[in-house]
Undergrad: 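Next up is a structure, given as structure tokens.
The model shown is predicted, which means the values in this text are computed figures rather than measured ones.
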Amino acid sequence: MMKSASLAIACFVLAASSAAPSAAKADRAGAKTASARTSVSKDQPKARPDKRPDRNVIVNDRDAVIIRPGPGYYDNGNYHHNDWDDDDNEFIEFVGKTAAITAGISVVSAVIGSIVEDQPEGCQPVVAYGTNYLYCNGTYYVQVSQNGTTAYQVVAPPPAPPQ
Amino acid sequence: MGYAFAIRGLCLAVVLAAAPAQSLHAQSAPAAAAPAAELDRDAAAALDRMGAALRSLTSFEVTSRGTIENVYANGQKLLFGQTTTYRVARPDRIAADVVTDRGHRQFFFDGKTATVVVPKAGKYTRFPLQGTLDEVLTLANERYGLSLPLADLFTWGTSSAAQPRSGFRVGDATIDGVAVEHFAFRDDGTDYQIWIEKGASALPRRLVITSTDLPARPQYVADFSWTLAPAFGAASFAFKPGPGMQLVDFGAAKSARASKQGARP
């Protein structure tokens with residue numbers, strides 16, 4: 001269900017998603033992991049992991065600001081961020097997804113209160129206002145116990161950090 | 001047998017004792033040779049001069065021809081061309097055209113609405129924005145993940161420009177027949193060099209940024225050519241989609257999802 005909802009949105013955004021030929025050739029060197037910064041003063045992502053980092057990204061107890069490693073978003077464990085030479089469709093999808101996440105909109109239309117037995121893909125732990133969340137593909141989960149096993153319940157996103 | 005162990009143990013102890021002293025020596029030697037990291041007065045003054053020159057321009061077009069290095073999973077760096085053209089009419093009109101070896105993007109801001117265009121795919125999206133040019137670029141970055149190249153051009157000379165940790169004057173140079181001064185600066189995560197026009201205009205003619213927080217230290221190089229006080233048409237800053245271009249409306253996606261969720265029991 002979650003997957004299909006996610007795909008529906010992706011299809012809404014994208015007519016087709018085929019990598020440009022030159023991109024495919026560059027991939028001979030593996031996935032792109034970083035680019036040189038193109039600006040000194042703007043807060044561009046410092047490190048650009050292509051996989052989610054092991055440590056918890058998000059917590060700042062003092063003022064409860066949710067920190068992203070840079071402008072971008074996690075999708076299925078992969079960190080996406082703006083690249084001016086990405087595939088055209090990926091690029092415009094990036095803008096929309098980042099906007100959605102910035103605005104606190106779930107990219108995946110998981111229904112609040114629903115429970116899944118297996119941990120979704122691409123989760124990162126998030127602590128906000130003293131609650132432990134799992135943030136997976138734009139949806140927040142809390143760990144719950146169901147029939148003696150661990151399950152994951154979709155919850156409303158934590159309150160937006162103060163601007 | 002017992003002696004052999006004892007001797008081996010002794011040797012190990014000697015090696016262990018010697019090792020820290022050696023590494024300490026190795027570390028202290030280059031530290032002593034490194035020059036003090038400070039921001040020289042003439043370098044700081046050059047940044048101020050350049051910032052003031054940039055702020056004094058009410059209408060301009062600048063084209064940057066340069067290269068950007070990308071780093072790949074196997075550690076290899078590949079170099080790509082990037083040409084960025086900014087058309088600017090203060091206080092609140094900006095249009096950027098970014099052409100790389102692998103793509104073409106456009107960004108328009110007409111004082112109220114920002115539009116991002118991907119001409120080859122025939123798609124565009126837009127969102128409301130407000131503020132000074134520096135603020136607009138900051139918001140575009142924070143909210144939409146759009147870090148436009150060379151945003152510094154709109155930050156230098158404003159209150160949000162941070163002073164680098166250190167900087168010094170390297171020397172004189174000539175770029176495209178223009179006499180320039182070469183300065184080198186260091187900050188957290190970046191080393192950067194700026195070649196600034198001599199004389200009254202003090203505009204940057206070249207910028208090189210080295211990302212020192214990445215192990216591969218990829219570099220970005222931009223050479224600028226300036227057109228001051230150009231004549232812009234009304235169409236320069238308001239994007240008019242061509243026939244067949246598709247508006248990707250994330251607002252519509254959002255409301256479609258919301259109504260779908262609302263229909264659930």
Undergrad: Would you please indicate if the ring centroids of A:Tyr141 and A:Tyr152 are separated by under 6.0 Å?
TA: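 No, the ring of A:Tyr141 stays outside the 6.0 Å limit from the ring of A:Tyr152, centre to centre.
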Undergrad: Count the heavy-atom pairs under 4.5 Å between each of B:Pro119, B:Ser64, B:Ser211 and chain A, then report the option with the highest count.
TA: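 Greatest number of close heavy-atom pairs with chain A: B:Ser211.
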Undergrad: Quick one: what part of B:Gln76 sits under 4.5 Å from any heavy atom of chain A, side chain, backbone, both or neither?
TA: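 Answer is side chain: those atoms of B:Gln76 sit under 4.5 Å from chain A.
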Undergrad: Looking at B:Leu153, B:Ile196, B:Asp152, which one forms a side-chain contact (heavy atoms from CB on, under 4.5 Å) with B:Met50?
TA: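 Result: among B:Leu153, B:Ile196, B:Asp152, B:Ile196 is the only option passing the side-chain contact (heavy atoms from CB on, under 4.5 Å) with B:Met50.
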Undergrad: Any Lys/Arg nitrogen of B:Arg126 or B:Asp110 sitting under 4.0 Å from an Asp/Glu carboxylate oxygen of the other?
TA: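 Not counted as a salt bridge, because no side-chain N and carboxylate O are separated by less than 4.0 Å.
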Undergrad: In terms of heavy-atom proximity below 4.5 Å to chain A, should B:Leu78 be classed as side chain, backbone, both, or neither?
TA: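 Answer is side chain: those atoms of B:Leu78 sit under 4.5 Å from chain A.
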Undergrad: For B:Phe185, which atoms come within 4.5 Å of any heavy atom of chain A: side chain, backbone, both, or neither?
TA: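 Neither part, no heavy atoms under 4.5 Å.
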Undergrad: Can a donor-acceptor pair be found, under 3.5 Å and without considering hydrogens, that links the side chain of B:Thr212 to the backbone of B:Thr190?
TA: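 Yes: the side chain of B:Thr212 pairs with the backbone of B:Thr190.
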